[in-house]
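The figures here come from the full heavy-atom set of this structure, side chains too, leaving out hydrogens, waters and symmetry mates. Here is how names work: the chains are called A, B, and so on, in the same order as the sequence lines, proteins then strands, and each is numbered from 1.
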Amino acid sequence: MIDIKLLRANPEIVKENIRKKFQDEKLPLVDEVISLDQEYRNAKSRADFLRSRRNSISKEIGALMAKGLKDQAIEAKKEVEAMAEELESLKELEDKLSKRINEIMLVIPNIIDESVPIGRDDSENVEIERIGEPYVPDFEIPYHVEIMEKLKGIDIDSARKTSGNGFYYLCGDIARLHSAILTYARDFMIDKGFTYYIPPFMIRSAVVNGVMSFTEMENMMYKIEGEDLYLIGTSEHSMIGKFIDSILSEDELPYKLTSYSPCFRKEVGAHGIEERGVYRIHQFEKQEMIIVCKPEESMKWFKTLYNLTVEFFRSLDIPVRVIECCSGDLADLKVKSVDVEAWSPRQKKYFEVGSCSNLGEAQARRLGIRVKGKDGNYYPHTLNNTVVAPPRMLIAFLENNLNADGSVRIPKPLRVYMGMKEKIEPNG
RNA sequence: GGAGAGAUACCCAAGUGGUUAAGGGGCUCCCCUGCUAAGGGAGUAGAUCGAGAAAUCGGUGCGAGGGUUCGAAUCCCUCUCUCUCCGCCA
């Protein structure tokens, strides 16, 4: 959500940004919102004038009544009543216009950073760097479900009975590995100076509406029947929601937060649940990182954040690459975003395991998160990034740490969380 | 789940339809005072929107949203949260 003042003053900047994102169908909205905004301000000026009149006359009536001058009071009442109709229709107009303006402003994309590569869709995303050698062993890597089943670590058939497609039971060493990775991720982030949070796993509709669009909500969020509560799709929802409508003190910035939560997603959108396995599922767990900082620091934090994910994956011997989202693939609220992808030696390609985003001030503006500065209040920048999200991450982990005999290496940092085991074995 | 009480500024708190939302603490500034004190005075309703080059003016705002009224912190309706008691519970 951009500042309407920017749009009033520099509509060309906003239009150019829309063109860069190949959303030309939104171009007319810019002129539409400018004229609606003018209409709105005219209506507001007139209505405010009438309200001001009404307030002062009402005060006079009070004074007249106190003196017992009833007749004069009745005369004054008539004057207010005379403008009641105009005021009411102006109020309706104000409400209608501001609602429409707000709708449009929500659809107009945030101004992307100059450094974002221009491209239509994800096929034009740009690889920034590869870290680690994408290694393909000389034996065949089975599908991840097969690896897990050999280790007696997954039961999808039972999950289908209890919960349907898109769910799983993890068990034994695989379940333990899943927890170990999250616990390691938690400690990894704490060691980097982040504050650990366990947030609410359900949030109210008011918060949902603040953190995502209606379509996103429909496609992602599970609603609790008979309650005004939704299961979170990521802890970012509760973590950013926590700051809604509040004024932060400048000396508390930056907030460096890391949160754990289960995540629930309907996955109604383009893909649905189409693959057997744990790649796209209704329920997973995630360690997340969140930054709320001064505007001038957000790009520095952006790099820091995705490098933390890279460092985390490298510490588990998983090759990764960083892909920058091009202008057309960038969500409307984002200023800049990269995906961290892990190497799959089975598919011989990289696949997404995390996403790092700089939202600029757009999210803060939308949620009413402000900072009390020396020269007035301003909107902070917000960023979020995945540390790790198993069980999808287990796919990369198992494929990259698999031995020819079907056992799986446990990299050093995880061993303390795995009973000091150096590997897990099919008959372990 | 049941019963009751409450939500006003940085904090405490008064305010049951009418001119400018009491008072106290705290904080800021000034005065007095040779010494960690005490006293006197002034300021202190955040936030947000609009008009204006600016000074400034106006609107909204007493948990949220509606309603009644010329006028609502105050009356009515719905909701949220907090506290106390009872019940239930990992």
Side-chain angles (χ1 to χ4, degrees), chain A residues 1-9 33-106 198-211 223-230 237-238 241-252 262 361-380:
Chain A
M1 191 166 195
I2 62 169
D3 189 350
I4 194 158
K5 285 175 187 154
L6 170 74
L7 194 144
R8 269 180 215 153
V33 83
I34 286 173
S35 98
L36 289 172
D37 177 54
Q38 187 58 56
E39 246 186 283
Y40 168 77
R41 284 184 291 156
N42 292 344
K44 179 172 165 55
S45 290
R46 176 66 186 158
D48 281 354
F49 169 74
L50 291 178
R51 289 185 185 111
S52 172
R53 278 294 294 153
R54 186 185 62 191
N55 287 345
S56 53
I57 295 171
S58 290
K59 272 175 205 166
E60 281 167 30
I61 293 174
L64 292 170
M65 297 292 271
K67 287 182 201 152
L69 301 168
K70 212 173 175 188
D71 292 349
Q72 289 183 41
I74 290 169
E75 280 305 304
K77 273 191 201 184
K78 279 182 187 160
E79 199 184 331
V80 180
E81 277 163 6
M83 46 191 193
E85 205 174 311
E86 186 187 359
L87 190 54
E88 196 176 329
S89 66
L90 279 171
K91 186 184 185 312
E92 263 173 49
L93 185 62
E94 276 181 293
D95 290 349
K96 198 181 99 187
L97 289 169
S98 70
K99 193 178 161 212
R100 179 65 189 143
I101 289 167
N102 194 46
E103 274 169 16
I104 295 178
M105 290 308 288
L106 287 175
I198 299 174
F201 302 153
M202 297 184 205
I203 50 177
R204 289 177 198 286
S205 56
V207 180
V208 175
N209 292 328
V211 295
K223 185 169 186 348
I224 305 296
E225 196 180 350
E227 311 249 351
D228 180 30
L229 286 173
Y230 291 79
H237 297 155
S238 341
K242 151 184 157 61
F243 296 108
I244 218 163
D245 287 324
S246 56
I247 299 178
L248 313 175
S249 147
E250 198 169 42
D251 51 23
E252 286 167 21
E361 62 170 42
Q363 197 170 34
R365 179 184 300 283
R366 189 168 161 166
L367 298 174
I369 304 170
R370 285 141 299 163
V371 178
K372 196 178 194 69
K374 286 177 205 73
D375 309 310
N377 293 352
Y378 60 90
Y379 292 104

Query raised in the report: Out of B/G58, B/G71, B/A47, which has the shortest distance to the side chain of A/Ile247?
Result: B/A47
Query raised in the report: Any donor and acceptor pair, going by atom type alone, linking the side chain of A/Ser58 with main-chain N or O of A/Arg54 inside 3.5 Å?
Result: yes
Query raised in the report: Now, which nucleotide makes the Watson-Crick or G-U wobble pair with B/G17, with each of the two distances under 3.5 Å?
Result: none
Report task. For B/G71 versus B/U20, give the span between their P atoms, rounded off to a whole number of Å. Result -> 16 Å
**Report entry** OP1 or OP2 of B/C49 under 4.0 Å from side-chain N/O of A/Arg41
**Finding:** no
Query raised in the report: What is the distance, rounded to the nearest whole Å, between atom CD of A/Glu75 and atom P of B/C70?
Result: 15 Å
Query raised in the report: Rounded to the Å, how far apart are A/Leu229 CG and B/U80 P?
Result: 10 Å
Requested in this report: Nearest whole angstrom, please: distance from the C1' of B/A47 to the OH of A/Tyr378.
Outcome: 17 Å
Report task. Please assess A/Arg370 against A/Tyr378 for the test side-chain contact (heavy atoms from CB on, under 4.5 Å), listing each intermediate value before the final yes or no. Result -> CA-CA 6 Å; A/Arg370 285 141 299 163; A/Tyr378 60 90; over 6 Å; no
Query raised in the report: Say you pick atom C1' in B/G65 and the same atom in B/C70; how far apart are they, in whole Å?
Result: 24 Å
Query raised in the report: Are A/Lys78 and A/Glu75 within salt-bridge range, i.e. N to O under 4.0 Å?
Result: yes
Query - Residue whose nearest RNA chain B nucleotide is more 5′ - A/Arg53 or A/Met65 - result: A/Met65
Query raised in the report: Taking the side chain of A/Asn377 as heavy atoms from C-beta outward, which of B/G50, B/C70, B/A47 is closest to it?
Result: B/A47
**Report entry** Phosphate OP1/OP2 of B/C81 contacted by A/Arg204 side-chain N/O (<4.0 Å)
**Finding:** yes
Query raised in the report: Mapping A/Ala76 and A/Arg370 to their closest nucleotides on RNA chain B, which lands nearer the 5' end?
Result: A/Arg370
Report summary line: Closest of B/C70, B/G46, B/G59 to the A/Ser52 side chain is B/G59
Report task. Send over the distance from A/Arg46 CZ to B/C49 C1', rounded to a whole Å. Result -> 19 Å
Requested in this report: Decide if atom CZ of A/Phe49 counts as having more than 12 heavy atoms of other residues, nucleotides or ligands within a radius under 6.0 Å.
Outcome: no
Report task. For B/A38 versus B/C32, give the span between their C1' atoms, rounded off to a whole number of Å. Result -> 11 Å
Query raised in the report: Is a salt bridge present between A/Glu86 and A/Arg53, judged by a nitrogen-to-oxygen distance below 4.0 Å?
Result: no
Query raised in the report: Is the side chain of A/Asn102 donor-acceptor paired with the backbone N or O of A/Ser98 at a distance under 3.5 Å, no angle test?
Result: no
**Report entry** Rounded distance in Å between the P positions of B/A73 and B/U16
**Finding:** 13 Å
Requested in this report: Using Watson-Crick or G-U wobble geometry with both distances below 3.5 Å, tell me the partner of B/G39, or none.
Outcome: B/C31
Requested in this report: Could you tell me whether A/Arg100 and A/Glu103 make a salt bridge, using a distance below 4.0 angstrom between a side-chain N and a carboxylate O?
Outcome: yes
Query raised in the report: Heavy atoms under 4.0 Å, any strand shown: does A/Lys59 hit a base, just sugar-phosphate, or nothing?
Result: sugar-phosphate
Requested in this report: Would you classify A/Ile57 as touching base, sugar-phosphate or nothing, given that sugar-phosphate means primed atoms plus P, OP1 and OP2, and contacts are heavy atoms under 4.0 Å?
Outcome: nothing
Query raised in the report: Which nucleotide, in any strand shown, forms a Watson-Crick or G-U wobble pair with B/C81, with both distances under 3.5 Å?
Result: B/G6
Report task. Could you please name the partner base of B/G1, counting Watson-Crick and G-U wobble pairs only when both distances are under 3.5 Å? Result -> B/C86
Query - Separation between the C1' atoms of B/A47 and B/G41, rounded to whole Å - result: 30 Å
Requested in this report: Under 4.0 Å between any heavy atoms, over every strand shown, what does A/Lys91 touch: base, sugar-phosphate, or nothing? Just pick one.
Outcome: nothing
Query - Pairwise P distance, B/C57 and B/A5 [rounded to whole Å] - result: 44 Å
Requested in this report: Rounded to the nearest angstrom, tell me the gap between atom CE in A/Met105 and atom C1' in B/C49.
Outcome: 15 Å
Query - Gap in Å between the two C1' atoms, one belonging to B/G63 and one to B/G58, rounded - result: 27 Å
Query raised in the report: Rounded to whole angstrom units, what separation is found between the CG atom of A/Leu64 and the P atom of B/G17?
Result: 20 Å
Report summary line: To the nearest angstrom, the CG-P distance between A/Asp37 and B/A51 comes to 8 Å
Query raised in the report: According to the Watson-Crick and G-U wobble definitions, with both distances under 3.5 Å, which nucleotide is paired to B/C75?
Result: B/G67
Query - Base-pairing mate for B/U56 - Watson-Crick or G-U, with both contacts under 3.5 Å - result: B/A51
Query raised in the report: If we take the P atom in both B/C35 and B/A55, what is their distance in whole Å?
Result: 45 Å
Query - B/G23: pairing nucleotide in any strand, Watson-Crick or G-U under 3.5 angstrom - result: B/C12
Report summary line: Rounded to whole Å, the CD-P distance (A/Glu85 to B/C70) equals 14 Å
Report summary line: Testing B/G59, B/G46, B/U48 for proximity to the side chain of A/Arg51, the answer is B/G59
Query raised in the report: A/Arg8 has a side chain; which of B/A47, B/U60, B/G50 sits nearest to it?
Result: B/G50
Report task. Look at A/Lys99 together with A/Asp95 and state whether they make a salt bridge at an N to O cut-off of under 4.0 Å. Result -> no
Report task. Considering just the side-chain nitrogens and oxygens of A/Asn55, establish if one lies under 4.0 Å of OP1 or OP2 belonging to B/G59. Result -> yes
